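This report concerns only the one structure given below.
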Amino acid sequence: MKKTFYITTPIYYPSGNPHIGHCYTTVACDTIARYKRWQGYDVMFSTGTDEHGMKIEESAKKAGKSPQEYVDEIAGRFKRLWKFMNVSYDRFIRTTDDYHKEAVQKIFKAIYDKGYIYKGEYKGKYCVPDESFWTESQLVGGKCPECGRDVIDAKEEAYFMKMRPFAEQIEKLLTETDYLQPRARVNEMVNNFIKPGLEDLCVSRTTFKWGIPVPFDPEHVVYVWIDALSNYITLLGYENGAHDDFGYWAEGAEIMHMTAKDIVRFHSIIWIAILSALDLPFPKRLYSHGWFNFEGKKMSKSLGNVVEPFVLGERYGVDCVRYQILRDMPFNGDFDYSNELMLTRINADLANNFGNLVSRTVAMIEKYFGGVLPENQLADCDADGELIALAGALSAKTDELIEIPHLSQALTEIFAVISRANKYIDETAPWLLAKDGANSPRLAAVLYNLTETVRICSSLLAPFMPETAVKVWEQIGAAPESVSYDKAGAWGTLPKNVAVKKGDIIFPRFDIEKELSELGRL
Ligand code: ME8
């Protein structure tokens, strides 16, 4: 039986259109899912929308729609964007799906029956006209952040989940395993939340209706996190008959969550408490990346600085956008997106470096060998050792980096080999070798080595840039078996005599000044 691998994006709030920040997490998960499928895993890749809550209820009201109409429309936009970005998810969950609602009610009841949920009082700052509770830290200048009016101290009956019984296990998971990446976030969680003593979590509300009713007290709806986090198991069929995939959550199974740092606390503390209360195994990895900012500011609808993935993808190509965001988001930090950086990456890395390597290699085989890859009779030629060693060792490196997952470093490693191959062309000067006679064994060896490097690099790039990889394989004549996972680390497996064929330019170069001024006018 194949080993399983389960990877999840957060389920996004359908309170506005998806932007490049959502795209980053989803495309990063897609890349890992594709890599793991290629490695032979049985992969389940999930995403979805988190559709309940007061904010959604209010946004729908403002839009003159029912909450259900409103979320239907926006969930549709998320689905369209993932299709456009070539995201190969296996399952899209919506928290308004009946099977999810049924399972959440059972989960809530199960935790309650075990004595971890109790009824208490939620105290907070209340805005009477808005009928909304706020925490002290959410207030703006001591006033309601929505309408700017005065707030009063108020309380409301609510259910709470005890967190302290789980503190020790949570701390152990965070400090003694590699669960949370990057590791810098572990101290933040332990020092800021666990050491001072975990506070009980409010898990129900009565001031809005758009949610899943608490089964034994229907005046209450389940508040946010039990509903949202449970998606990771309900979509596999936990406590419902809609799916039969709970094997992906078995003890010891490979499970990876990805989020940005905004919800790391929920995934590293609260989710672990819920799983522990349900006696379920813990996931293996949580990677929480940084913020995607736009020219120095956090991207947000209200700031009007949202970068539109549809526009970028249509203008520059989906794979170019995938590449740039995956390459430039640092593993442990925020990323300041700019259109200029996007265009510079496309020109420098994709057009001038990778595109150039492919087109020069194919053009030379066409010119000197009539388009048929020659046999490498000098396979162990010393002068080529460095390139062969680098390309041959590449897949072992990317395998390790995908596990962490450190995607920008994986791309950096692949592009280092691509740069080395371009340098190899300059060093070996095939056009001079051709003067010794078009069929010289040395020229054949050089072109064979270049094609092998392109084969290895493009197969490792396929999970990042799926459409590009196919175009490259067509040009170098690589059949599917030549780009299988077991061939990625095996130098010299592209058979001789395959026909190469120059195709259209894979990456066009852009006039950056002109593009920036046009993007500015959109
Ligand atoms: O928090 N930079 O939903 P959400 C990087 N429903 N990533 C970003 C980003 C940015 N500027 N903006 C959004 C929720 N993201 C809950 C999650 S999960 C059980 C429930 C991505 O719509 C990033 O993955 O606010 C972040 O964690 C997520 O969107 C937040 O999505």
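Remember, it's 1-based here, ligands and their atoms both numbered in the order they're listed. Remember, predicted model here, so these are calculated numbers, not experimental data.
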TODO: Might you work through the side-chain hydrogen bond (donor to acceptor under 3.5 Å, both in side chains) test for Glu51 and Tyr13, ending with a clear yes or no?
DONE: CA-CA 6 Å; Glu51 304 190 346; Tyr13 289 128; over 6 Å; no
Task: Inter- and intrachain pairs under salt bridge (Lys or Arg N to Asp or Glu O under 4.0 Å), touching residues 331-348, at least two apart - done: Lys261-Asp334, Asp328-Arg345, Arg345-Asp349
Open item on the list: Distance under 4.0 Å, heavy atoms only, partner ligand 1: which residues pass?
Closed with: Pro10, Ile11, Tyr12, Tyr13, His19, Gly21, His22, Thr25, Asp50, Trp225, Ala228, Leu229, Asn231, Tyr232, Thr259, Ala260, Asp262, Ile263, His267, His289, Gly290, Trp291, Phe292
Open item on the list: Quick check for you: to the nearest 0.5 Å, what is the distance between Leu236 atom CG and Arg91 atom CZ?
Closed with: 7.0 Å
Open item on the list: Going by salt bridge (Lys or Arg N to Asp or Glu O under 4.0 Å), name the residues that satisfy it together with Lys114, two or more places apart in sequence or in a different chain.
Closed with: Asp279
TODO: Apply side-chain hydrogen bond (donor to acceptor under 3.5 Å, both in side chains) to Gln169 and Ser276, showing your working.
DONE: CA-CA 8 Å; Gln169 283 181 73; Ser276 194; 3.0 Å; yes
Task: Asp178: salt bridge (Lys or Arg N to Asp or Glu O under 4.0 Å) partners, not counting sequence neighbours - done: none
